[in-house]
Amino acid sequence: MKIAVIGSGYVGLVAGACFADSGTNVLCVDADEHKLERLRRGDIPFFEPLLAELVKRNSPHRLDFTSDVAKAIQGREVVFVAVGTPPSEDGSADVSQVLAVAEQVATAATHDLLLVIKSTVPLGTHARVTELVNRLSKHRISVVSNPEFLKEGDAVNDFFKPDRVVIGTDDDRAFQLLSKLYSPYARQRSKIQHISPKSAEIVQYASNALLALRISFMNEIAQLCDAAGADVEEVRLAVGSDERIGSRFLYPGLGFGGSCFPKDLRALVRTGAELGVNMGLAASAVRANEERVGALLQHMEQDLGGLGGKQIAVWGIAFKPRTDDVREAPAIRLIQELVTRGATVCATDPQALESGRERLRVVGVEQHVTFATAEYAACEGADALVIATDWNEYRNPDFHRVRELMRGRHVFDGRNVVVPEAAVEAGLIYRGVGRPQRGT
Ligand code: NAD
């Protein structure tokens with residue numbers, strides 16, 4: 001089968017490379033020529049484990065790149081749309097990129113095809129796109145809603161081994177064709193779920209909101225533990241042992257970030273409002289999440305006697321490990337706030353140094369931040385260390401070395417990833433999220 005994928009970001013490039021690796025001929029499209037130039041050289045513009053290998057193995061014979069939509073869709077049976085849907089001012093998802101691509105495809109189409117929406121789009125977008133392509137093209141363009149559930153940092157594995165493939169369409173032929181395309185990754189047919197386009201549009205938001213709610217709920221419990229002098233890690237383990245609840249997505253910390261949870265929750269609240277439905281739980285999850293960085297800063301102010309003039313080492317800038325994505329990363333908000341309160345920061349991250357520096361430049365605090373390529377160097381002369389992202393390499397650090405390098409002794413573990421006793425044994429004062437302070 002020959003397909004095209006429009007939008008070669010985290011989602012589109014992973015989907016394109018994975019389809020190609022299973023034998024499908026894929027043409028990836030992007031509007032960003034600079035990105036395409038890098039891709040043609042096998043240079044992946046962002047960090048995603050395993051992706052570089054896949055792109056190298058499949059291009060150019062099965063995976064190629066272009067900026068020309070009209071050329072890209074020639075002879076292609078299936079065209080995926082994986083462009084961005086960033087948040088608008090009012091919290092709703094901005095679908096203008098999706099509509100622009102649909103218009104380009106409809107105008108350029110010279111044969112019938114499937115237009116598959118992989119971008120996360122609000123309820124009603126399938127209908128809008130269908131109306132648009134029907135109006136602009138004399139060919140039969142069947143629009144399908146096919147939400148993507150991959151997780152950055154493990155996207156390739158997620159694509160190859162999905163929990164489910166959701167195909168939202170009322171067109172049986174479209175369903176058969178997409179089932180065939182996805183068959184290498186869904187050898188148990190029960191993984192492929194054929195539902196209506198409207199339901200498919202809700203699935204993505206409902207899934208992300210539920211996961212985010214679990215995190216926000218545990219963060220609220222962490223706050224309770226903090227106030228009561230209990231240990232949220234003990235609570236988490238016991239609560240998660242209940243089979244009905246399960247242990248995943250129960251980790252308290254600095255809050256969720258990234259390009260999906262915050263934006264999708266706000267968009268869900270907005271869609272609810274448009275339809276007269278109060279999405280109060282989703283709204284609370286966002287609100288609770290926004291308080292996380294403030295809660296940590298309050299502890300820091302208290303324990304350090306104010307932040308003015310303090311030097312703070314920050315381990316981790318990415319919104320989560322195994323990615324260089326800093327979109328809505330709690331670490332960025334934290335660094336901004338530290339600087340606003342008069343501190344200077346030395347930040348490090350195994351993959352997000354460049355993207356982090358750029359983001360901090362955009363928010364106007366880059367000049368108060370230095371960057372270290374390794375975690376120990378970031379600690380030199382620091383009054384405190386904050387672990388802001390739960391990268392594996394931060395889980396078991398040499399705290400004696402950290403103690404020697406730092407001026408102060410405070411470690412704030414924003415992800416509860418280290419063993420507190422190891423920090424205390426090295427003479428440090430440890431404070432996690434929702435855990436009693438240890439060390440004196
Ligand atoms: P991204 O910003 O990494 O990639 C989008 C790409 O689309 C960019 O490279 C951009 O240059 C390109 N683009 C924009 N307009 C274009 C046009 N007219 N023609 C061709 N290319 C164009 O975004 P992403 O993270 O891959 O997300 C894409 C969509 O998938 C979003 O709707 C997002 O919510 C959703 N999603 C993302 C994830 C994730 O983890 N990143 C997971 C599931 C769903």
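Note that ligands are numbered from 1 as they come in the structure, with each ligand's atoms numbered from 1 the same way.
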Enquirer: Using a 3.5 Å distance criterion without hydrogens, assess whether the side chain of R40 forms a donor-acceptor pair with backbone atoms of F65.
Expert: yes
Enquirer: For atom 7 (O) of ligand 1, what's the nearest protein heavy-atom neighbour? Residue, atom name and distance, please.
Expert: G7 CA, 3.4 Å
Enquirer: Do any nitrogen or oxygen atoms of D264 come within less than 3.5 Å of a nitrogen or oxygen of ligand 1?
Expert: no
Enquirer: Is E290 paired with R287 through a side-chain N to carboxylate O contact shorter than 4.0 Å?
Expert: no
Enquirer: Carefully, step by step, assess D90 and S92 under the rule side-chain hydrogen bond (donor to acceptor under 3.5 Å, both in side chains).
Expert: CA-CA 6 Å; D90 64 1; S92 62; 2.6 Å; yes
Enquirer: May I have the step-by-step check of side-chain contact (heavy atoms from CB on, under 4.5 Å) for L334 and F412, ending in yes or no?
Expert: CA-CA 12 Å; L334 173 74; F412 296 92; over 6 Å; no
Enquirer: Heavy-atom distance to atom 17 (C) of ligand 1: which of V95, L99, L39, V101 wins?
Expert: V101
Enquirer: For ligand 1, note which part of A82 has a heavy atom under 4.0 Å away: side chain, backbone, both or neither.
Expert: backbone
Enquirer: Can you name the atoms of ligand 1, numbered from 1 with element, that are less than 4.0 Å from a heavy atom of K35?
Expert: 8 (C), 9 (O)
Enquirer: Give the numbers and elements of all ligand 1 atoms closer than 4.0 Å to a heavy atom of S259.
Expert: 39 (C), 41 (N)
Enquirer: Backbone N or O of G168 within a donor-acceptor pair of the S145 side chain at under 3.5 Å?
Expert: no
Enquirer: Is there a donor-acceptor pair closer than 3.5 Å between any side-chain N or O of Q193 and the backbone N or O of R164?
Expert: no
Enquirer: Given side-chain hydrogen bond (donor to acceptor under 3.5 Å, both in side chains), test R76 with N25 step by step and report yes or no.
Expert: CA-CA 9 Å; R76 309 268 151 181; N25 185 294; 2.8 Å; yes
Enquirer: Are any of the N/O atoms in A31 less than 3.5 Å from those in ligand 1?
Expert: yes
Enquirer: In plain terms, say whether E358 and R361 are close enough for a salt bridge, that is, a side-chain N and a carboxylate O under 4.0 Å apart.
Expert: yes
Enquirer: Looking at ligand 1, would A100 count as a contact under a 4.0 Å heavy-atom criterion?
Expert: no
Enquirer: Got the closest protein heavy atom to atom 25 (O) of ligand 1, with its distance?
Expert: R327 NH2, 3.0 Å
Enquirer: So, using side-chain hydrogen bond (donor to acceptor under 3.5 Å, both in side chains) as the criterion, who are the partners of R214 when residues are at least two apart?
Expert: none
Enquirer: Taking distance alone, with no angle check, do D32 and ligand 1 share an N/O pair under 3.5 Å?
Expert: no
Enquirer: Please write down residue, atom name and distance for the protein heavy atom closest to atom 43 (C) of ligand 1.
Expert: E148 O, 3.1 Å
Enquirer: Given 3.5 Å as the limit, does a donor-acceptor pair link the side chain of D349 with the main chain of I317, or not?
Expert: yes
Enquirer: Would you mind checking which non-hydrogen protein atom is closest to atom 34 (O) of ligand 1, with the distance to 0.1 Å?
Expert: K263 NZ, 2.7 Å
Enquirer: When you measure from atom 22 (C) of ligand 1 to every protein heavy atom, which one gives the shortest distance, and what is it?
Expert: V83 CG1, 3.5 Å
Enquirer: Just need the protein heavy atom nearest to atom 27 (O) of ligand 1, so name the residue and atom and give the distance.
Expert: V11 CG2, 4.0 Å
Enquirer: Can you list the atoms of ligand 1 that are under 4.0 Å from a heavy atom of G84?
Expert: 5 (C)
Enquirer: For ligand 1, which atoms sit closer than 4.0 Å to a heavy atom of S119?
Expert: 29 (C), 30 (O), 32 (O)
Enquirer: For ligand 1, which atoms have a heavy atom of I6 less than 4.0 angstrom away?
Expert: 19 (N), 20 (C)
Enquirer: Have a look at E103, Q97, E48, K151 and point out the one with the heavy atom closest to atom 15 (N) of ligand 1.
Expert: Q97
Enquirer: For atom 12 (C) of ligand 1, what's the nearest protein heavy-atom neighbour? Residue, atom name and distance, please.
Expert: D30 OD2, 3.2 Å
Enquirer: Quick one: are the ring centres of Y182 and F19 less than 6.0 Å apart?
Expert: yes
Enquirer: Quick test of your reading of the model: are E152 and R327 salt-bridged, counting only N-O distances below 4.0 Å?
Expert: yes
Enquirer: Give the atoms of ligand 1, by number and element, whose distance to some non-hydrogen atom of Y10 is under 4.0 Å.
Expert: 3 (O), 25 (O), 26 (O), 41 (N)
Enquirer: Less than 4.0 angstrom from a charged side-chain N to a carboxylate O is my criterion; do D112 and R173 meet it?
Expert: no
Enquirer: If the cut-off is 4.0 Å to any non-hydrogen atom of T85, which atoms of ligand 1 fall inside it?
Expert: 31 (C), 32 (O), 34 (O)
Enquirer: Can you report which non-hydrogen protein atom sits closest to atom 4 (O) of ligand 1, along with the distance?
Expert: G9 CA, 3.2 Å
